[in-house]
Amino acid sequence: MAIQWFPGHMHTTRLAMVERLKSGIDVVVELLDARLPGASANPLLAALTAGKPALKLLNKQDLADPARTALWLEHYNALATTRAIGLDASEAAPAARLIQACRALAPLRGGMVKPLRVLICGIPNVGKSTLINTLARRKAARTGDEAGITRAEQVIALASDVTLYDTPGMLWPRIAAAQSGYHLASSGAIGRNAYDEQEVALALLERLQAAYAGAIAARYKLPDAAGLAALHADALLALIARQRGLVQTGGRLNLQQAAEVVLNDFRSGALGRITLETPAEHLRWVAIGEAQQAQRAPKKGPGKARAAVPAPDDRR
Ligand code: G4P
């Protein structure tokens, strides 16, 4: 099975971004999902903005595991010309922290002669509109009207000498790590018709079993978290279906409904504060994905706009 990864307006957005970068950008802000910081980072953006000062905003930190958020912040803050901060929608006035971080990344910019120009990007559903609306409340937002710049771009004056350019969410052609595909689908970043919910729920359960078995036991009123961790994910999904009384006519368990329950519980935070990947795990999965891609490349040829998702045995 493969995730149907349709990059949609990727080409148009990419061109708009290239134009904006050409016109001069001092700091690139990338909004990441704090529950899946690695999977939600756009490799295409990294390639387009290589060497530019970067600010990583780990958004929705209220839903993420604080200990793992700390690991990710440490990981990003150790990179050259990169800063990272945690964020969520409960912060009423995030502009001050954002401006301060951008100024620190581009200390030679600022003032009326050399205003600080900031580009903000992020995958769908990461909370960009919510953040932009909060930021724009301070100052009026307007649609971009410069030549060569898409009308979809919003320009926001964060301060008298700090301008924020907002581009539409941009996806990328291929998900390098299969595990990242599962994490993106689990988070709701990918449209629900693009993947098999039971398969994604099973992959999610495996991650939860590895690090958050107690959260599963508590949410679904199942005894023995240690025993749950050792179960096959299929058996665990069946247990959840039985516990919730999700039975079809004829007495068969409704595993589809159980999968939807698990996915919704993760997305809403009902399972608790969870982060699906540590920096070390993400880097390992990307390395595996790239090695597999390199092996397949001569046979398949370039330019496939779909992400292969592994057989169940490859998931862990
Ligand atoms: P996008 O522009 O990047 O696509 O994302 P958007 O702001 O529309 O946010 C996507 C969903 O995430 C929304 O929920 C929004 O309320 C929620 N959200 C945004 N920021 C945060 C945050 O920091 N923490 C949490 N917990 N949720 C956040 P929704 O259910 O899709 O819509 P709504 O009914 O809440 O508006």
Side-chain angles (χ1 to χ4, degrees), residues 5-10 12-14 16-17 28-42 44-45 55-66 68-70 72-73 76 84-98 101 118-138 141 143-144 150-156 158 164-172 180 183-195 197 200 204 212 215 219 260-276:
W5 178 254
F6 295 121
H9 304 295
M10 187 183 80
T12 320
T13 312
R14 184 181 174 281
M17 197 171 284
V28 176
V29 175
E30 185 171 23
L31 214 54
L32 302 174
D33 188 325
R35 297 165 300 170
L36 43 141
S40 57
N42 185 342
L44 201 55
L45 179 72
L55 175 62
K56 308 291 181 187
L57 297 180
L58 270 61
N59 200 34
K60 302 194 183 185
Q61 67 172 353
D62 56 315
L63 297 174
D65 177 340
R68 289 190 166 187
T69 299
W72 278 100
L73 292 176
Y76 279 123
I85 51 183
L87 194 69
D88 63 60
S90 71
E91 189 167 334
R97 279 206 304 147
L98 208 143
V118 178
L119 182 73
I120 189 164
C121 319
I123 60 165
N125 204 40
V126 73
K128 191 151 69 70
S129 313
T130 307
L131 175 65
I132 295 288
N133 287 342
T134 307
L135 294 171
R137 239 176 263 144
R138 300 174 73 250
T143 309
T150 172
R151 292 202 156 261
E153 184 187 64
Q154 270 200 105
V155 184
I156 296 161
L158 278 187
L164 183 72
Y165 299 96
D166 171 32
T167 51
M170 182 176 65
L171 298 176
W172 52 98
S180 297
H183 293 183
L184 286 163
S186 296
S187 77
I190 303 175
R192 59 184 297 171
N193 294 329
Y195 55 88
E197 282 170 318
V200 172
L204 173 61
Y212 302 100
R219 177 66 186 165
E260 287 169 21
V261 164
V262 171
L263 290 173
N264 288 337
D265 284 351
F266 169 67
R267 289 170 188 163
S268 69
L271 277 161
R273 300 181 68 173
I274 285 166
T275 301
L276 297 177

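For ligands, and for the atoms within them, numbers begin at 1 and follow the listed sequence.
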What protein heavy atom sits nearest [atom], and how far off is it?
atom	result
atom 2 (O) of ligand 1	S129 OG, 2.4 Å
atom 5 (O) of ligand 1	G127 N, 3.1 Å
atom 10 (C) of ligand 1	N125 OD1, 3.1 Å
atom 12 (O) of ligand 1	K60 NZ, 3.1 Å

Is the closest protein non-hydrogen atom to [atom] under 4.0 Å?
atom	result
atom 29 (P) of ligand 1	no
atom 34 (O) of ligand 1	no
atom 14 (O) of ligand 1	no
atom 23 (O) of ligand 1	yes

Are any side-chain N or O atoms of [X] and backbone N or O atoms of [Y], one a donor and one an acceptor, separated by less than 3.5 Å?
X	Y	value
R97	G86	yes
S40	D33	yes
E30	N42	yes
R273	A64	yes
R35	L276	no

Taking the side chain as every heavy atom from C-beta outward, state whether L158 and V118 have any pair of such atoms under 4.5 Å apart. no
Begin from the C-alpha positions of N125 and I123 and carry the test side chain to side chain contact (heavy atoms under 4.5 Å, CB included) through to its verdict. CA-CA 6 Å; N125 204 40; I123 60 165; over 6 Å; no
With backbone taken as N, CA, C and O and side chain as the heavy atoms from C-beta onward, which portion of P124 lies under 4.0 Å from ligand 1: side chain, backbone, both, or neither?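 Under 4.0 Å from ligand 1, P124 contributes backbone atoms alone.
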Under 4.0 Å, heavy-atom basis, I'd like to know which part of V126 is in contact with ligand 1: side chain, backbone, both or neither. both
Of all heavy-atom pairs linking A41 and Y76, the shortest is CB-OH, 4.3 Å
Knowing that exactly one of V29, L119, I120 qualifies, which makes a side-chain contact (heavy atoms from CB on, under 4.5 Å) with D166? I120
Among L45, L31, V126, L44, find the residue that satisfies the side-chain contact (heavy atoms from CB on, under 4.5 Å) test when tested with C121. L45
State the atoms of ligand 1, each with its element, that fall below the 4.0 Å cut-off from a heavy-atom position in [X].
X	result
L63	26 (N)
D88	23 (O)
T130	6 (P), 7 (O), 9 (O), 15 (C), 19 (C)
A89	20 (N), 21 (C), 22 (C), 23 (O)

When only distance counts, is D62 in polar contact with ligand 1, meaning an N/O pair under 3.5 Å?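 Looking only at distances, the answer is yes, because the N/O contact criterion of under 3.5 Å is met.
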